[in-house]
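For reference, the structure discussed in these notes is given below.
For clarity, every value in this text was computed on a predicted model and none was experimentally measured. Both counts, for ligands and for their atoms, begin at 1 and track the order of listing.
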Amino acid sequence: MYDENVVKETIAIHTETYNKEPATVSYAPGRIEVLGNHTDYNAGTTFSCAINMGHCFCISASDKPGVRLTAGDLRETAEFDPTTPDALEKKYQWANYVKGVMHYLRGFDVEINGVDCTFLGSIPMGAGLSSSAALEVATAYAVLSYTGKEIDKIDIAKIGQRAEHEFAGCSCGLLDQFSSIYGIHHGLIHSDFRTLETYPVQLPADVVFLMINPHVKHALAESPYNARRQSCEKAAAQLNELVDYEVTALRDIKFEDFEALKDKLDPEAAQRATHVVGEIYRVEEGVQLLKDGKLKEFGQFLYDSHETSRTAFENSCDELDIVVAAAREAGALGARLSGGGWGGSAVALVHASEADAICEKIIEICRAKNIEPTAEIIIPSAGATVVR
Ligand code: GLA
């Protein structure tokens with residue numbers, strides 16, 4: 001299921017702007033990262049889900065060459081040549097994700113030109129819910145459908161990632177695009193970024209996730225995200241010299257070897273890697289816990305994850321710490337920052353019957369600390385789709 005309201009609205013804006021109904025309409029959801037923080041670019045594993053908010057993308061033919069692209073929320077239109085690799089001027093930065101995707105699709109013989117496009121999303125900006133990945137995936141699905149071409153889903157994810165790297169300056173992994181593509185209704189996806197495989201994990205019926213947004217600014221390209229990635233790569237390279245097996249990424253180091261060797265590493269690299277190696281361990285253990293219905297133990301992993309985000313990876317912030325502490329006090333099974341960090345949202349796992357009460361309690365506790373978060377239930381949703 002997709003967010004019908006945003007689809008209806010995007011179609012209406014497109015028709016009004018270009019005096020024409022769209023020929024193609026696609027939709028791709030945002031995501032929450034449940035566990036496995038900064039593990040994706042370390043060839044690790046994650047738990048995540050697509051959410052009930054996303055981006056819709058519409059295309060119709062134009063009699064002019066180039067691409068006209070309207071941002072539905074801003075009601076602004078950018079024009080660009082999809083065949084050139086350069087980014088648009090700052091004013092139209094939002095168009096770069098789309099231009100990037102159209103550009104890299106050309107490497108797969110998927111060429112689009114002479115079109116009018118519109119996009120609109122229901123994902124709050126800067127909430128750490130991967131609004132940009134949803135836009136990239138929605139763009140790719142729409143362009144592929146419009147041109148009648150098909151490419152592998154993994155390549156769609158990689159094209160979105162490349163647009164982030166080259167057009168937005170963030171050296172992200174594939175988690176966001178994978179979640180948007182492979183999401184399943186009322187389930188998590190367990191992704192392995194070494195094999196690039198994903199496995200659906202059904203959730204027990206009596207639990208839900210809350211998304212708690214303290215509304216603090218979040219822009220990964222300006223955050224220390226790329227520096228963290230470099231620290232992890234440095235730790236992996238140093239560990240490779242210290243063990244008798246190959247360590248090409250932090251995924252490869254055995255947990256006990258890391259514990260025994262971490263003092264021999266560059267101190268900052270070791271500190272960052274502590275969080276990532278712990279996360280990889282927690283995701284692996286977490287699979288079994290979820291299968292066994294051990295939700296309290298799984299929830300504790302979420303709290304543990306937040307703790308090493310805060311102390312070792314240093315990608316939390318005061319507001320997220322307060323929100324997570326409030327979730328614990330309010331009785332959530334687990335809570336942690338979700339996604340890149342340095343702002344964005346926290347995710348909490350709660351029993352469905354307690355969800356409303358816990359949301360209210362979290363808001364009340366945070367208010368007493370001068371924070372006004374929003375807290376809402378997230379419905380794990382199906383991945384990207386072509387609507388028409
Ligand atoms: C952002 C990135 C992802 C991933 C997470 C942290 O969402 O885009 O690739 O690294 O941060 O787990």
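Note: Y97 and F119 fail the aromatic proximity criterion, with ring centroids not under 6.0 Å apart. Taking the centre of each ring, F47 and F301 stay at or above the 6.0 Å mark.
Ion pair R336/E307 not flagged as a salt bridge, since none of the NZ, NE, NH1 or NH2 atoms sits closer than 4.0 Å to an Asp/Glu carboxylate oxygen.
By the 4.0 Å heavy-atom criterion, R31 is counted among the residues contacting ligand 1.
Inclusion of Y225 in the set of residues having an N or O under 3.5 Å from an N or O of ligand 1 is warranted. Where the criterion is an N or O separation shorter than 3.5 Å, residue side chain and backbone included, T39 fails it with respect to ligand 1. Considering backbone and side-chain N/O atoms, S130 never comes within less than 3.5 Å of an N/O atom of ligand 1. Ligand 1 has an N or O atom lying under 3.5 Å from an N or O atom of G173, backbone or side chain.
Under 4.0 angstrom from ligand 1, there are no non-hydrogen atoms of E164.
Geometrically, K254 engages Y245 in a cation-pi contact, judged by NZ or CZ lying under 6.0 Å from the ring centre and within 45° of the ring axis.
The hydrophobic cluster analysis finds M125 isolated: no Ile, Leu, Val, Met, Phe, Trp or Tyr side chain comes under 4.5 Å of it, directly or through other members.
Short contacts between ligand 1 and G339, defined as distances under 4.0 Å to a heavy atom of the residue, involve ligand atoms 6 (C), 11 (O). Each of the following atoms of ligand 1 lies closer than 4.0 Å to a heavy atom of H38: 6 (C), 12 (O).
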(request) Check the pair H275 / S309 against side-chain contact (heavy atoms from CB on, under 4.5 Å), numbers first and verdict last. (result) CA-CA 6 Å; H275 173 60; S309 260; 3.3 Å; yes
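Relative to atom 4 (C) of ligand 1, the option among N37, L337, D40 with the closest non-hydrogen atom is D40.
A search for side chain to side chain contact (heavy atoms under 4.5 Å, CB included) contacts involving S353 returns H351, not counting sequence neighbours.
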